[in-house]
2 protein chains.
Amino acid sequence: MTTPGFHDPVHDHERCLAEALQEAEQLCRDRGAQLTPVRRRVLELVWSEHRPQGAYELLEQLQAERGRVAPPTVYRALDFLLAQGLIHRIESLNAFVGCPRPSHVHNGQFFICEACGATAELSDPGLAERIDRSAAALGFAVNQRIVEVRGHCPDCSIQGSPNP
Amino acid sequence: MTTPGFHDPVHDHERCLAEALQEAEQLCRDRGAQLTPVRRRVLELVWSEHRPQGAYELLEQLQAERGRVAPPTVYRALDFLLAQGLIHRIESLNAFVGCPRPSHVHNGQFFICEACGATAELSDPGLAERIDRSAAALGFAVNQRIVEVRGHCPDCSIQGSPNP
DNA sequence: TTTGATACGTTATAGTATAACAATCAATCG
DNA sequence: CGATTGATTGTTATACTATAACGTATCAAA
């Protein structure tokens, strides 16, 4: 798996990508889910950066390599990847990011840098519990917890930072 | 102020609305912010339900009473109301809901019923602190915390519920 | 009276997402 | 084998969400 938190601007990203793809293949094999070429390629594109990417951003890249591709193609691939837990949707950005722990069911917390876009996923079970306790007090049955924290990552919050 | 949590399907909503409007006027007066007729009307429309409403939903209502109204009009009003903290944007719905505690700076937590749309806002400072601690561990500087919990409200989670 | 700031009107367009139906293909069964 | 079924992808059109850019009106300060 990949390291938690933010990544160094220069890290071995080939390895992130390779590990994510390998884990996705394993997981789909185990579940009998079909990681087709389109779906696999979209997953690769999502994983090409540690930054949420919009559907149309992914679409453009697909079109660059395959000619005519229509929006439903990429949205269907994204739906599949979401259903398998291989990617997450960042609601506050209408964008998608790879999940570093796809085999582990969770609603993570996302820390999103407003300067460079880098996003880190954390999974604090205590936070989920705390939300669930509030929900219980309201008589509310929880399906999904969305936690998105906006701010500045370590690289962008120091003065003289690359993206002020 | 209005009561916290979910509201009874039949409650004195006139009162919710009147209180929200009164507080908004007070708050704008204190700040020298202009609660113009359009802005005030949009706030009323947002407060017409305890359920987040889309910009175009609000736009339709405005058009019904004022003839031609273009999207920027409603978006500008929403921007103003957001800036004053009089409403909140629900990111996972692209929709807007009235803030029951506008004079109190906060990032609340929203509990959103996926059946009936009813939304309750809570403010658990401990939750915010917990998020901030995670952020600090990452070296992340927090600007905004978005917490949206999807599930079923008390009225919709009982069997034989109105909106299963 | 001019100026500047603020709000609002208006037109056009950008960006995000899905409905509906056709085509393909592999697996299975009679 | 040929037919059927289910899953996936292609294709076209359209719906939904949001903003850019520029013009107009108002009002208070200089």
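Note that this is a predicted model, so its numbers are computed, not measured.
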Legend entry - 5' priority, DNA chain C, between B:Arg39 and A:Ala55 [closest heavy atom]: B:Arg39
Inset, instruction - Using a cut-off of strictly less than 4.0 Å, decide whether A:Arg41 has a side-chain nitrogen or oxygen near OP1 or OP2 of D:dT9. - result: no
Inset, instruction - Specify whether A:His7 and A:His11 have parallel, tilted or perpendicular ring planes, treating 30° as the upper limit for parallel and 60° as the lower limit for perpendicular. - result: tilted
Legend entry - Any pair counted as salt bridge (charged side-chain N to carboxylate O under 4.0 Å, His left out), so long as it reaches residues 50-75 of chain B, sequence neighbours left out: B:Arg41-B:Glu65, B:Glu49-B:Arg51, B:Arg51-B:Glu57
Legend entry - ILVMFWY cluster, A:Val69 and A:Leu43 together (side-chain gap under 4.5 Å): yes
Inset, instruction - For a side-chain hydrogen bond (donor to acceptor under 3.5 Å, both in side chains) with B:Glu121, tell me which candidate from B:His88, B:Arg101, B:His50 qualifies. - result: B:His88
Inset, instruction - State plainly whether one hydrophobic cluster holds both A:Ile146 and B:Val149, where clusters connect Ile, Leu, Val, Met, Phe, Trp and Tyr through side-chain heavy atoms under 4.5 angstrom apart. - result: no
Inset, instruction - Provide, to the nearest angstrom, the distance between the CD atom belonging to A:Gln63 and the C1' atom belonging to D:dT11. - result: 13 Å
Legend entry - side chain to side chain contact (heavy atoms under 4.5 Å, CB included) partners for B:Ala128, two or more places apart: B:Arg145
Inset, instruction - Identify, residue by residue, the members of residues 66-85 of chain A with a heavy atom below 4.0 Å from DNA chain C, and return them in order of residue number, or none. - result: A:Pro71, A:Pro72, A:Tyr75, A:Arg76
Inset, instruction - Take the protein atom CD of B:Glu91 and the nucleotide atom P of D:dT17, then report the distance between them rounded to whole Å. - result: 14 Å
Inset, instruction - Under the side chain to side chain contact (heavy atoms under 4.5 Å, CB included) rule, collect the residues that match up with B:Asp30, sequence neighbours excluded. - result: B:Gln26
Legend entry - Interatomic distance where CD belongs to B:Glu57 and P belongs to D:dA18 [whole Å]: 12 Å
Legend entry - Angle between terminal axes - the helix from C:dT1-D:dA30 to C:dG30-D:dC1, 5 pairs each end, rounded to 10°: 0°
Legend entry - Side-chain (B:Gln53) to main-chain (B:Leu45) donor-acceptor, under 3.5 angstrom: yes
Inset, instruction - Determine, for nucleotides 24-30 of chain D in 5'-to-3' order, which nucleotides have protein heavy atoms under 4.0 Å from the base (write B), from only the sugar-phosphate (write S), or from neither (write -). - result: -------
Legend entry - Atom pair distance, as rounded to whole Å: CG in A:Leu59 and P in D:dG10: 12 Å
Legend entry - Set of ring-ring contact (aromatic ring centres under 6.0 Å, His included) partners for A:Phe140, sequence neighbours left out: B:Phe6, B:Phe111
Legend entry - Of all pairs that satisfy salt bridge (charged side-chain N to carboxylate O under 4.0 Å, His left out), the ones with a partner from residues 104-116 of chain A, not counting sequence neighbours: A:Glu114-A:Arg150
Legend entry - Nucleotide range of DNA chain C lying under 4.0 Å from chain B heavy atoms: C:dT6 to C:dT11
Inset, instruction - Please identify each residue that fulfils side chain to side chain contact (heavy atoms under 4.5 Å, CB included) with B:Asp124, with sequence neighbours left out. - result: A:Arg130, A:Ser134, B:Gln109, B:Leu127
For residues 70-82 of chain A, dump all side-chain donor-acceptor pairs below 3.5 Å to protein atoms at least two apart in sequence or in another chain.
none

Legend entry - Sequence neighbours excluded - salt bridge (charged side-chain N to carboxylate O under 4.0 Å, His left out) pairs with any residue from residues 81-94 of chain A: A:Arg89-A:Glu91
Inset, instruction - Would you mind reading off the distance between B:Gln53 atom CD and D:dC16 atom P, rounded to a whole angstrom? - result: 16 Å
Inset, instruction - Please report, rounded to the nearest Å, how far the P atom of D:dA15 is from the CD atom of B:Glu60. - result: 13 Å
